[in-house]
Amino acid sequence: MSTRSNVAPSTLPVDLVDGGVVVEYLDGRETFYNGVPEPVESSVKSPPGKEVHVLVTGPDGVEGIMTYINDRNTHEDILEATGVGRVMLESTDEEELFPGVTVETEGYSVRVTADHSLIDGRVFVFAEDEMSEHSYELVDSV
């Protein structure tokens, strides 16, 4: 397996629609995260073994940055063409994705934490695999 590295994200158009969240990539394609995100206070731990994507939007929710956490499948060229970032973490790493938004590994899970005193927009976490999809919005208080 080839080594994967961090990739900086670009700002992408976002559409918060009934039933989910749409993110438009730089190459014009779109992805739809199905389901209204569940509000969770400040921090969420993904189910083990899921692909985790973090979306941080601006205050108006029409644009944001998308980052894949520990994605080992997508080549850097594809991420750069789509505008999606990637952060690779070791088993005990913690990294700040965006001012006020940190990610850390906990076993086979990923914890995403938001400090809303530092964030102007919204923070969404999507955890999925072939079997299930989970979507969360980190909020200041539920």
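This structure is a prediction, so every number in the text was calculated from the model and none was measured.
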Legend entry - Any E38 side-chain heavy atom under 4.5 Å of V40 side chain: yes
Inset, instruction - Any pair with a residue in residues 55-68 that passes side chain to side chain donor-acceptor pair (under 3.5 Å), sequence neighbours left out, goes on the list, sorted by first then second residue, please. - result: Y25-Y68
Legend entry - Closest contact, heavy atoms only, P47 versus Y136: CD-OH, 4.1 Å
Legend entry - Presence of salt bridge, E24 and R29, under 4.0 angstrom: no
Inset, instruction - Could you check R86 against E76 for salt bridge (Lys or Arg N to Asp or Glu O under 4.0 Å), going step by step and ending with a plain yes or no? - result: CA-CA 9 Å; R86 175 174 55 211; E76 285 82 5; 2.7 Å; yes
Legend entry - Joint hydrophobic cluster, V84 plus V7, side-chain heavy atoms closer than 4.5 Å: yes
Legend entry - Minimum-distance pair of heavy atoms, taken over all atoms of S135 and G35: OG-O, 3.5 Å
Inset, instruction - Using a strict cut-off of less than 4.0 Å between a Lys/Arg side-chain nitrogen and an Asp/Glu carboxylate oxygen, indicate whether R111 and E106 qualify as a salt bridge. - result: yes
Legend entry - Pair K50-S109, side-chain hydrogen bond (donor to acceptor under 3.5 Å, both in side chains): steps then yes or no: CA-CA 7 Å; K50 302 290 184 189; S109 298; over 6 Å; no
Inset, instruction - Indicate yes or no: at least one non-hydrogen side-chain atom of L12 is less than 4.5 angstrom from one of L26. - result: yes
Inset, instruction - Side-chain contact test, heavy atoms from C-beta onward, threshold under 4.5 Å: evaluate it for S46 versus H134 and give yes or no. - result: no
Legend entry - Pairs satisfying ring pair (Phe, Tyr, Trp, His ring centres under 6.0 Å), at least one member in residues 101-129, at least two apart: Y33-F126
Inset, instruction - Rounded to the nearest 0.5 Å, what's the gap from CG on D115 to OG on S43? Could you check? - result: 11.5 Å
Legend entry - Heavy-atom pair with the smallest gap, counting every atom of G64 and V14: N-CG2, 3.7 Å
Legend entry - Any I119 side-chain heavy atom under 4.5 Å of V101 side chain: yes
Legend entry - Contact check, side chains of V44 and L138, non-hydrogen atoms, under 4.5 Å: yes
Inset, instruction - Supply the atom-to-atom distance E51 CD to D71 CG, rounded to the nearest 0.5 angstrom. - result: 6.5 Å
Legend entry - Spacing of T31 atom OG1 and M66 atom CE [to the nearest 0.5 Å]: 7.0 Å
Inset, instruction - Answer with yes or no whether the hydrophobic clustering places V52 together with V56; edges join I, L, V, M, F, W, Y residues whose side-chain heavy atoms lie under 4.5 Å apart. - result: yes
Inset, instruction - Indicate, with yes or no, if I65 and L89 share a hydrophobic cluster defined by side-chain heavy-atom contacts under 4.5 Å among Ile, Leu, Val, Met, Phe, Trp and Tyr. - result: yes
Inset, instruction - State the CD-CG distance between E80 and D27, to the nearest 0.5 angstrom. - result: 13.0 Å
Inset, instruction - State which residue, out of T105, V110, V125, fulfils the side chain to side chain contact (heavy atoms under 4.5 Å, CB included) condition with I69. - result: V110
Legend entry - Between CG on residue L97 and OG1 on residue T102, distance to nearest 0.5 Å: 8.0 Å
Inset, instruction - Look at the side chain of N6 and the backbone N and O of M88, then say whether any donor-acceptor pair between them is shorter than 3.5 Å. - result: yes
Inset, instruction - Rounded to the nearest 0.5 Å, what's the gap from CG on N34 to CD on E133? Could you check? - result: 5.5 Å
